[in-house]
Each structure stands twice: as structure tokens, then as C-alpha cells.
Amino acid sequence: MKILHASFECYPLAKVGGLADVVGSLPKFQNEISATSKVIMPYYNNDFFKNRSKTVDLYTGTIKIDKLSYEYSIKELKSNEINFDVLIVYIEDLLDRDNVYGYGDEVIQYIAFQLSILNWLVNENIDFDIIHCHDHHTSLIPFFVKYCYEFQKLKNIHTVLTIHNAQYQGIFPHNRIDLLPEFNQENIGILDWYNSINPLATGIKCASRVTTVSSTYLEELKEKANGLEGLLRSEEGKCKGILNGIDTSVWNPYTDVMIIKNYKISNVISGKKANKQKLCNTYAFDKDLPLFGFIGRLVGEKAADLLPKAIEQALDENRINILILGSGHKEIEDQLIELKEKYKGRFSAYIGYDEKLSRLIYAGVDFLLMPSRVEPCGLNQMYALRYGTIPIVRRTGGLKDTVIDIGDGGFGICHDQASVWDICYSIKRAITFYNDKKFFRSIQKRIMKIDNSWNTSAKKYIEVYKSIQ
Ligand code: ADP
């Protein structure tokens with residue numbers, strides 16, 4: 001079975017969040033079972049493409065968007081950091097940007113990427129059984145292959161859409177419909193959702209199967225999905241929640257070159273101690289106090305707006321240290337920077353993206369905070385468990401599916417509301433566990449044994465593909 005994953009992110013080539021981790025690991029595990037999976041993604045003007053890889057030209061073609069022609073090339077990526085095939089779409093001045101997202105012409109970027117893939121498949125007679133689309137950036141592909149005249153040759157190809165995050169839908173107004181290639185106008189209604197062209201909604205309507213990255217997230221989306229709840233309810237027959245896995249070879253405290261001391265279950269206590277010591281030296285924290293971390297986008301979905309108040313209250317009431325790594329809303333960033341001054345030696349925040357620091361945090365903190373309002377799957381909690389760090393989570397989406405509260409015989413700390421009170425109460429519970437050294441250490445060892453690898457989930461995707469053959 002030949003699968004082409006179309007995505008805007010893929011670790012380690014270009015990463016903003018969990019989408020990259022999934023697309024950068026799922027194909028590897030699918031290739032170990034009964035599939036040949038490749039990834040196709042845009043070229044970026046970043047360190048990986050410029051300094052850590054080479055490309056070989058495979059094909060050059062032209063696409064048209066609203067009377068403008070764009071020359072694109074499909075390249076094969078050569079890098080010893082990747083162990084599955086990656087294809088690149090390069091379009092000068094359009095898909096060779098420094099960053100993955102955040103450009104005023106992003107609608108054209110997404111359309112150009114999708115059209116280039118399909119144009120190449122048609123012109124070179126390239127045969128895939130399934131195009132697996134990831135999020136709204138690629139979710140017009142199922143519509144294009146079904147209804148656009150120029151892609152008629154592909155109309156029997158099956159498509160799967162995975163929703164990693166339904167908050168972002170790629171919406172644009174009807175007066176920009178000329179950006180799309182010619183299609184049978186009888187189907188114009190398929191593009192519409194609440195009087196706009198909605199790529200994610202279109203993908204849900206047209207894909208052969210739709211998956212979400214956890215079962216609980218699918219259930220939640222049927223109730224609340226930024227306007228798509230009714231659609232997801234009506235299409236539920238073809239939807240399935242499949243929990244993301246983690247790449248246990250990339251996320252392995254025994255081999256991770258980005259941490260200070262490697263460790264496995266047998267020496268987790270000394271291993272974590274050395275990594276915590278490094279963090280404490282860097283941020284002038286007291287190594288004997290419980291250390292809490294947070295890694296992620298500073299946005300409402302992650303409940304990051306609650307962090308400044310929760311941090312203040314938690315630091316005023318308890319003897320603890322807190323470290324934040326993330327970037328996002330300026331207002332939250334500014335509040336955290338202010339708190340850094342106020343609580344020097346007890347709280348710090350690194351505003352930005354830093355893979356190495358994130359690994360050190362997973363390895364060195366005692367608890368990882370994830371008070372998310374929305375968490376489609378969440379990978380951080382699974383990385384934390386793998387590194388012997390206890391997750392503190394709100395019971396939502398994939399967090400609910402992967403973390404069981406210590407009080408229920410589990411290994412994490414869970415709360416129900418996205419509120420300052422809930423976060424602070426969970427921190428107090430965490431301190432109690434931290435002080436019970438024997439119990440705390442037994443949990444650290446226990447959580448490192450939990451299997452959140454792709455072994456089960458990669459097979460579930462193959463079952464989905466087989467169900468449409
Ligand atoms: P998202 O909703 O952002 O995709 P996920 O939990 O699915 O959330 O994935 C987040 C991924 O991004 C994890 O690998 C996490 O370690 C990483 N990450 C998030 N923010 C940062 C940051 N500021 N620096 C380094 N890594 C980060």
C-alpha cells in the first residue's frame with residue numbers, strides 16, 4: 001500500500017508543534033508494517049534545508065492560480081537525519097520562506113502547495129493508493145481530486161484527512177474563489193460552510209475517511225468545534241479517533257544528546273537529578289524544591305493566559321520553582337517577563353522556541369504543567385512520562401486519554417476546570433507527592449515504562465486505509 005502524507009510541517013525539517021512530530025514519525029512506523037509511506041512538504045529557508053540536507057530535482061511544472069502562473073519543482077530530500085522518503089515542493093518567492101506560518105498570502109501558499117502535488121502526480125503518472133492530508137493546509141486535496149477537471153485522472157485515489165487541530169480551518173471569502181482551479185460548479189456548495197470557503201469543512205465532507213488525534217477529541221469536536229460540530233456529527237460514520245504515538249527512538253532519555261546526563265529506568269533518580277541541577281544552575285533555582293515546567297504555545301488553547309496569575313499565586317503560597325518555555329500572545333509573554341523580575345531565583349521564562357531547552361525541561365523538571373482548554377492529543381505529556389516527569393493535566397482531549405490521576409491508581413495529576421484555582425490546587429497536590437520521596441520515586445520509575453509508542457496507532461491507520469480499499 002502506497003501512502004503520500006501531505007503536510008506543512010515534518011520534524012526535524014520544519015516544526016511549529018505536534019503536527020511536525022506526528023508527520024515526522026508516523027511514516028517510519030508505517031514503513032515497518034505493511035505500507036510504503038512518503039511525506040511531501042514545502043521547502044523552507046531554514047537551517048535544516050540550507051545546512052543539513054541536500055535536494056535532487058525530480059520534476060518541474062507549472063500551476064495557475066487566478067491567471068498567475070507559478071513554476072514549481074518537486075525535489076527529493078537527501079539527509080541522514082531522516083529514515084523515510086521526503087519530497088519537497090519548491091516555489092520561488094512563495095514556498096521558500098523563513099517561517100512555516102504567518103504570511104499575508106498564506107491562502108495562496110496552501111493552494112499552490114496542494115495544486116503542485118496534484119499536478120505532479122497527474123503529469124508524471126505517479127501512483128499512490130492514499131493521499132493522507134494533515135490539517136486545513138492540505139484539506140482541499142480531497143475536493144480537488146474529486147471535482148477539478150484537470151485532476152480527473154486522480155478521481156479514484158482515496159484521501160484521508162487527519163484533524164490535528166480544528167481551531168484553524170483556513171477560511172477565506174467567496175470572492176476569492178478564482179484562486180481555485182476550474183471545477184464542476186454543481187459542487188460549489190461543498191466548499192461552503194457558514195458563507196465562507198472553509199477548507200477544513202470541505203476536507204471533512206470530501207475525504208474518504210477523517211481521523212482526529214484522540215478519541216476524546218473526536219467526541220469533544222461533535223459538541224464544540226469552532227462551528228464544525230454539526231458537520232462532524234453528520235459525518236461521524238467515517239470519523240475515527242486515533243491517538244498519536246511518540247517516536248521512542250527520538251524521545252529517549254538514554255540516548256538524547258540534548259540533555260546533560262542520559263538515564264534509563266534503573267538510574268532515573270540520579271539522571272533526573274543531574275538535569276535538574278543544570279536547570280537550577282542556569283536559572284538560580286533551589287535544587288531541593290519541586291520544579292514545575294511548562295512547554296508550549298502561549299495561547300488560549302493551552303490556557304496560557306491563566307499561567308501568570310497561577311504562577312503568582314502558586315509562588316506566593318508554596319516553596320517551589322517554575323520554568324516556562326514558549327511563545328505566543330504578546331500580552332502573556334510580557335506578563336511572564338514581568339514575573340521573572342518579581343520572582344528572580346524562583347521563576348523564569350524563556351520566550352521563544354528552543355528544542356534543546358525543551359528536552360532539558362522534560363528531563364530536569366519534576367512536574368510538567370498542561371492546563372489546556374483544548375488538547376487534541378498533546379504530545380508533551382507523553383514525552384514527560386518517557387522522561388520520568390509527572391504530568392499535571394486538565395482532563396481534556398488526548399490528555400484525558402493518556403493520563404490517569406494518582407488518586408485513581410494512576411500516575412499523573414488531573415483536574416477538570418481551566419481555572420487558576422484548579423492549577424494551584426494541582427500544584428499543592430504535586431508538592432504532597434513530591435515530599436513522599438519513596439512514593440514519588442516509584443511513580444517516576446513506573447511512568448517511564450508506559451508504552452505510548454506508535455506500535456498500536458500506526459496499525460490503526462493501516463486499518464483505516466484498508467477499510468477504503
Ligand atoms: P501543539 O498544539 O502546539 O501542536 P503538541 O503537544 O501536540 O502541541 O506538540 C507540541 C510540540 O512542540 C512538542 O514536541 C513540544 O515539545 C514542542 N514545543 C512547543 N513549544 C515549544 C518551544 N517553545 N520550544 C521547543 N519546543 C516546543
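All of these numbers come straight from a predicted model, not from anything done at the bench. One-based numbering, in listed order, for ligands and for the atoms of each. Hydrogens, waters and symmetry mates are skipped; everything else that's a heavy atom, side chains included, is used.
Which parts of ligand 1 touch Arg297 is read off a 4.0 Å heavy-atom cut-off, strictly below it: atoms 1 (P), 2 (O), 3 (O). With ligand atoms numbered from 1 in the order given, ligand 1 contributes 22 (C), 23 (N) to contacts under 4.0 Å with heavy atoms of Gly352. Using a 4.0 Å cut-off to heavy atoms of Gly326, the atoms of ligand 1 that qualify are 23 (N).
Across Phe292 and Ala430, no two heavy atoms sit closer than the pair CE2-CB, 3.7 Å. Across every non-hydrogen atom of His158 and Ser208, the tightest pair is ND1-OG, 3.5 Å.
At a 4.0 Å heavy-atom cut-off, ligand 1 does not touch His164 at all. The backbone of Asp354, and not its side chain, has at least one atom closer than 4.0 Å to an atom of ligand 1 (non-hydrogen atoms only; backbone = N, CA, C, O). Of all the heavy atoms of Glu301, none lies under 4.0 Å from any atom of ligand 1, so neither backbone nor side chain is involved. Heavy atoms of Leu357 found under 4.0 angstrom from ligand 1: none, in either backbone or side chain.
For atom 7 (O) of ligand 1, the closest non-hydrogen atom of the protein is Gly18 CA, 3.3 Å. With respect to atom 12 (O) of ligand 1, the closest heavy atom belonging to the protein is Lys15 CE, 3.6 Å.
In terms of N/O distances under 3.5 Å, ligand 1 is not approached by Asn165.
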